[in-house]
There are 2 protein chains.
Amino acid sequence: MSLIQTKSIAEQVEELLRGRIRDGTYVPGSRIPSESELSEEIGVSRATIRTVLAKLAVIGLILRKQGDGTYVNARVQKVSAHLGNIWDFACLIESNGFAPSIQAISRELRQATGKEALGLAIEPGDELLHLVRLFYADEKPVILANNVIPVSLICEPVDTVDGRLHIREILQNYCHQEIAFVITDIRSTLIEAGESVLLQKQPGDIILGLDVSFYSKNNVPLVLGSNYFDDTVLRLSLVQAWN
Amino acid sequence: MSLIQTKSIAEQVEELLRGRIRDGTYVPGSRIPSESELSEEIGVSRATIRTVLAKLAVIGLILRKQGDGTYVNARVQKVSAHLGNIWDFACLIESNGFAPSIQAISRELRQATGKEALGLAIEPGDELLHLVRLFYADEKPVILANNVIPVSLICEPVDTVDGRLHIREILQNYCHQEIAFVITDIRSTLIEAGESVLLQKQPGDIILGLDVSFYSKNNVPLVLGSNYFDDTVLRLSLVQAWN
DNA sequence: TAGTGGTCTAGACCACTTG
DNA sequence: AAGTGGTCTAGACCACTAC
């Protein structure tokens with residue numbers, strides 16, 4: 001097992017191009033070099049260039065015009081938290097222009113409710129680790145995150161779990177599991193008394209509810225998330241490319 | 001200009017494989033033939049097979065395991081309205097298991113407000129076409145859609161615009177414009193008296209607000225959408241693949 | 001060890017836009 | 001007409017998983 005994971009050529013090219021877009025080497029709205037030119041300059045095949053450009057086009061960072069060229073999308077740079085980031089709250093806070101931080105509120109062992117058991121494909125009463133975390137945007141609390149993980153998945157001592165880590169990291173470090181896909185339900189909801197205090201809101205204020213399920217490649221449910229998202233401070237905005 | 005648009009090989013392969021997944025030829029949860037086998041059977045290169053499988057993997061329809069094989073994702077088939085469909089309301093209603101229909105409520109010419117002018121990159125007071133449409137799920141109203149289009153973009157007589165068409169089709173038919181990308185803001189909001197009647201809700205009920213902006217490849221704002229989404233009837237659920 | 005998906009290449013041809 | 005992105009091919013090698 002090698003600790004040093006060399007990045008693929010495509011990943012390196014992606015970072016290079018993202019960097020040039022970020023630092024203005026490629027001016028917003030302007031045309032970037034053609035695929036052939038990039039291929040020659042960077043020294044990789046045109047196919048590799050194309051896989052990278054396709055990825056950047058999907059998230060709207062660039063606009064491609066057949067017979068013309070590829071353009072930097074000025075509009076998306078400022079706005080976005082795009083598709084891949086919907087459930088990555090720290091990333092989402094950052095792209096809203098705030099400095100993110102995470103506070104671990106509590107870590108509790110308890111039994112699964114019927115609904116949780118259904119979502120996690122376990123039996124009601126099976127033991128769960130329930131994590132409560134609070135996400136801050138520039139010192140202001142904006143997202144209250146509840147996550148439950150079946151204890152049966154956890155390989156390490158439960159009390160070593162660091163609540164400030166990303167869910168992905170928690171699953172990697174303590175469960176040796178990788179996330180394959182995620183299903184997110186978005187609801188409009190009223191905040192309850194218990195949660196309102198932590199988010200500095202009034203009970204009965206309206207708020208976004210994000211119910212998230214994480215699954216492994218074997219289609220095993222890994223974690224359920226029940227999150228309260230203060231959309232008066234943070235924008236939940238998605239960018240999508242057409243085709 | 002040819003009316004018959006032959007589909008690309010990749011598109012045909014995608015339809016073939018989607019069909020096999022839909023009709024159970026490929027059993028949910030089971031492994032499908034390898035890339036080489038598909039390549040040989042269908043008679044296209046492995047690269048083409050791979051582009052199709054990559055697309056299906058992004059929307060979670062299949063799960064790919066290196067060194068093992070490709071599996072049909074049983075879970076996603078039932079759930080989803082995935083990324084590409086967030087703003088395609090008819091499609092979203094359908095994937096929730098209802099029959100969609102659209103009622104054109106009104107079609108009005110009026111002047112742009114300051115906010116609208118900003119979003120559409122025009123001047124306040126410039127003329128807009130304001131469409132109000134109501135989406136039904138099995139005869140029950142679930143989404144109220146307000147769309148505004150700068151009249152300057154419309155090439156055909158305004159009173160010929162068919163309010164029951166998809167926004168994409170309206171832009172194609174009456175403005176000769178193609179949508180390149182979309183930015184959607186999701187908010188939690190209270191429904192106002194005017195809108196509540198159409199959606200058969202009480203004023204003050206909570207509801208999801210979806211603010212959508214459509215842009216062309218030239219980064220010109222084409223349409224703004226302000227939509228009220230009854231999430232007590234319809235689930236807004238997103239599927240995303242990790243990587 | 002055999003077979004799978006993951007990465008990458010070099011090159012061909014097409015469809016399209018711009019000058 | 002020249003140059004761009006879009007599509008597709010055939011083949012090589014690697015990393016990983018199962019048996």
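Letters A, B, ... mirror the listed sequences (proteins, then strands); counts begin at 1. Computation of the quantities below employed the complete heavy-atom set of this structure, encompassing side-chain atoms and omitting hydrogens, waters and symmetry-equivalent molecules.
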Spell out protein contact along nucleotides 2-8 of chain C as letters: B when the base is contacted, S when just the sugar-phosphate is, - when no protein heavy atom is under 4.0 Å; keep the 5' to 3' order. -BBBBBS
Qualifying residues under side-chain contact (heavy atoms from CB on, under 4.5 Å), relative to B/L16, sequence neighbours excluded: B/R20, B/I42
Which residues pass the side-chain contact (heavy atoms from CB on, under 4.5 Å) test with A/S34, not counting sequence neighbours? A/S36, A/E37
Tell me if the NZ atom of B/K55 is crowded by more than 12 foreign heavy atoms within 6.0 Å. no
Will you find, in the side chains of B/S216 and B/N218, an N or O donor that is under 3.5 Å from an N or O acceptor? no
Rounded to whole Å, CD of B/E40 lies from P of D/dA10 at a distance of 12 Å
Quick check: does any side chain N or O of A/R133 sit under 3.5 Å from a backbone N or O of A/L165, one acting as donor and the other as acceptor? yes
